[in-house]
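Quick note: numbers below take in every heavy atom, side chains included, and nothing from hydrogens, waters or symmetry partners.
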Amino acid sequence: MIRLSDVRFCYPTGEFRLAIPEMSVAAGEKVAVIGPSGSGKTTLLNLVAGILAPDNGSINIAGTDLDRATDQSRRDFRITTIGFIFQDFGLIDYLDVLDNILHPYRITSSLTLTAPIRQRALELAEQLGVDTRLKHHPATLSHGERQRVAICRALLPDPKLILADEATGNLDPDNKQLILDALFEATSTNHTTLLAVTHDHELLGRFDRIVDFRAFLVNEPEAS
Amino acid sequence: MDSLYLAWRYLSFYKVRSFILIGCITVIAALPLALEILVNESERQLSLRAESTPLLIGAKGSALDLVMNSLYFSDATPEPITMAAVDQILESDLASPIPLLIRYRTRTFPIVGTTLDYLDFRQLEIKNGNPFSLLGQCLVGAEIARQLDLGPGDHLTSSPEAMFDIAGVYPLKMRISGVLAETNSADDRAVFVDIRTAWIISGLGHGHTDLAKSTDESVILKREAGQVTANAKLMQYNEITEDNIDRFHLHGDPATFPITAVLALPHDEKSGTILQGRYLDQDSNYQIVTPAKVVDSLLANIFRIRNVLDAVILMVGTATLMALVLVFSLSLRLRSKEMETIFKIGSSRATISRLLGAEITIIGCLSGLLCLIIMLLLNHYDVELVRRLFI
């Protein structure tokens with residue numbers, strides 16, 4: 001699903017340099033990316049999402065070479081193939097829950113909002129337990145509910161890959177487990193690949209694999 | 001893509017902010033247009049009436065006060081002249097004079113003391129009833145009749161000039177003989193009476209029981225040969241009826257009775273020029289004015305003020321627009337997280353610009369719509385508004 005080869009990236013300020021000789025994630029695999037702040041975890045997600053272009057090397061996602069794609073095709077690819085989940089939820093204040101879930105369909109011509117999509121949005125909301133809050137605005141939701149809405153939004157276009165950037169970072173321990181349960185369940189149903197940046201070491205055991213970003217060492221989690 | 005939908009949701013979620021933005025833009029856009037409409041209508045109304053009035057004679061003093069009082073029945077009453085001015089014009093045989101005494105009011109409406117010639121001159125038609133033919137009768141303008149729900153047979157009472165002067169003239173209860181048809185001019189908001197009725201209102205004439213035949217000695221101060229003097233106990237009539245009309249009388253020589261102006265209608269252009277020449281004498285107590293020239297001079301001043309107002313509006317408008325740009329850019333900064341999320345999800349910068357453009361378009365359209373409604377209303381009520389506010 002994801003293959004990075006000899007990727008080098010440097011921000012224009014030149015203060016931060018990232019070099020990934022080799023990294024790959026199989027389809028349907030749930031991978032946790034760990035590492036200290038500033039080690040380049042979020043930069044990795046942005047490279048994989050095609051938001052940033054590498055200075056060198058190649059990035060292939062689901063058979064598409066992102067480093068060779070144009071800006072427009074990278075954006076189209078991102079919105080149709082990748083679902084993003086943010087630490088701060090990234091919900092739109094002025095839209096209610098249903099409109100937030102449908103939001104990707106309203107900001108691009110690559111996706112078409114149809115009646116079946118609306119139906120799927122309602123099903124996802126029910127699956128993640130926010131179906132009773134469809135007409136509420138994000139400010140009236142709990143943190144856990146907000147993140148579940150964000151997951152619904154990420155899953156609605158039926159992406160092949162979910163990128164989660166500290167998705168549980170703002171949640172209490174109970175909610176962390178609930179959100180991860182929901183995320184794993186939803187991604188397992190469709191065999192969706194999950195690449196999640198996290199600082200929560202107690203959650204690592206639930207991933208198939210952990211990428212320690214400090215040394216780019218790929219460690220298999222100990223069999224329990 | 002649903003840029004308009006998202007923009008609408010944003011604007012309707014932040015209702016107060018959107019309303020203030022729309023309000024500011026509407027005011028800035030509507031203000032100069034409203035000013036334009038009102039000034040044009042003022043000009044039209046002032047010019048129309050002034051141009052249809054050839055010459056006006058009054059006491060020396062402010063020509064503007066004379067014109068505004070005689071043509072538009074304004075509160076500024078010019079110094080009085082006497083009916084001798086009317087006689088003078090009649091004797092000259094250069095013009096037809098119409099006396100005007102515009103000083104008193106009923107409620108807030110002016111009472112115009114004149115002759116029936118005024119109705120012919122202004123081409124005023126009577127919608128209901130008859131013209132004033134007897135003392136104490138009045139003819140009301142269309143708007144007064146509508147506003148106060150009055151018709152022929154109803155009554156209006158003149159307002160005393162000094163309410164607390166117990167020795168002053170009592171109000172006169174006037175019977176409405178008719179209602180004028182609407183003219184969209186100052187005549188709609190005036191009450192017309194015969195000049196003699198206006199003199200009675202002013203206290204120059206009155207009605208009471210015949211003292212020579214009075215049996216009540218307590219009202220008699222003294223009796224001399226052929227002359228009876230009454231004391232303050234003598235009851236004066238405050239309404240002229242068919243029964244007491246014969247007992248109303250004016251004291252003194254009518255030629256000395258006051259009027260505020262004379263409308264002079266020259267028989268021809270040459271007569272008008274000669275008539276004007278007769279009032280050029282520096283020692284004369286009268287002035288003769290051509291209302292159109294006075295109004296032109298007033299309009300020239302209004303246009304000068306308008307230019308200043310336009311400049312002020314332009315400056316305020318520029319300052320407001322700059323403030324709006326600042327508010328909008330600060331709002332963008334506050335929304336940077338939202339923009340970043342939209343971009344990360346897969347939107348282009350152009351899409352974000354389109355979204356913001358849609359918000360500006362909706363604000364602009366709503367402001368334009370509001371402005372249009374204001375302009376339509378103003379256009380519909382401008383005649384009335386100008387009359388109430390300025391004339």
Under 4.5 Å from any heavy atom of chain B - which part of Asp88(A)
side chain

Counting only non-hydrogen atoms closer than 4.5 Å, does Arg153(A) touch chain B with its backbone (N, CA, C, O), its side chain (CB onward), both, or neither?
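Just the side chain, heavy atoms under 4.5 Å.
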
Using non-hydrogen atoms and a limit below 4.5 Å, what part of residues 44-62 of chain A faces chain B?
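Within residues 44-62 of chain A, the residues under 4.5 Å from chain B are Asn46(A), Ile51(A).
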
Contact check, side chains of Tyr11(A) and Leu18(A), non-hydrogen atoms, under 4.5 Å:
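A side-chain contact is absent here, since even the closest heavy-atom pair is not under 4.5 Å.
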
Is the closest side-chain heavy-atom distance between Val179(B) and Leu150(B) below 4.5 Å?
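Of all side-chain heavy-atom pairs linking Leu150(B) with Val179(B), none is under 4.5 Å.
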
Any idea how Phe86(A) and Phe84(A) line up, ring-wise: parallel (<30°), tilted (30 to 60°), or perpendicular (>60°)?
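Phe86(A) and Phe84(A): parallel rings.
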
Pair Glu359(B) + Arg335(B): basic N to acidic O under 4.0 Å
yes

What closest approach, in Å, do Thr341(B) and Gly90(A) show between heavy atoms, and which atom pair accounts for it?
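For Thr341(B) versus Gly90(A), the nearest heavy atoms are CG2-O, 3.1 Å.
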
Heavy atoms only: give me the nearest His103(A)-Ile342(B) pair and the separation to one decimal.
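The answer is CE1-CG1, 3.6 Å.
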
Given heavy-atom pairs under 4.5 angstrom as the criterion, report whether the side chain, backbone, both or neither of [X] touches chain A.
X: Lys337(B); result: side chain
X: Tyr14(B); result: side chain
X: Tyr10(B); result: both

What I want to check is whether the side chains of Asn307(B) and Arg304(B) have a donor and an acceptor closer together than 3.5 Å.
no

Side-chain donor-acceptor pair present, Gln127(A), Glu123(A), cut-off under 3.5 Å:
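Per modelled atom types, Gln127(A) and Glu123(A) side chains form no pair under 3.5 Å.
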
Sort out for me which of Asp93(A), Asp71(A), Leu163(A), Thr112(A) touches chain B most, counting heavy-atom pairs under 4.5 Å.
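Counting heavy-atom pairs under 4.5 Å, the top option is Asp93(A).
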
Any cation-pi pair here, Arg78(A) with Phe343(B), using under 6.0 Å and within 45°?
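Yes, Arg78(A) sits over the ring of Phe343(B).
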
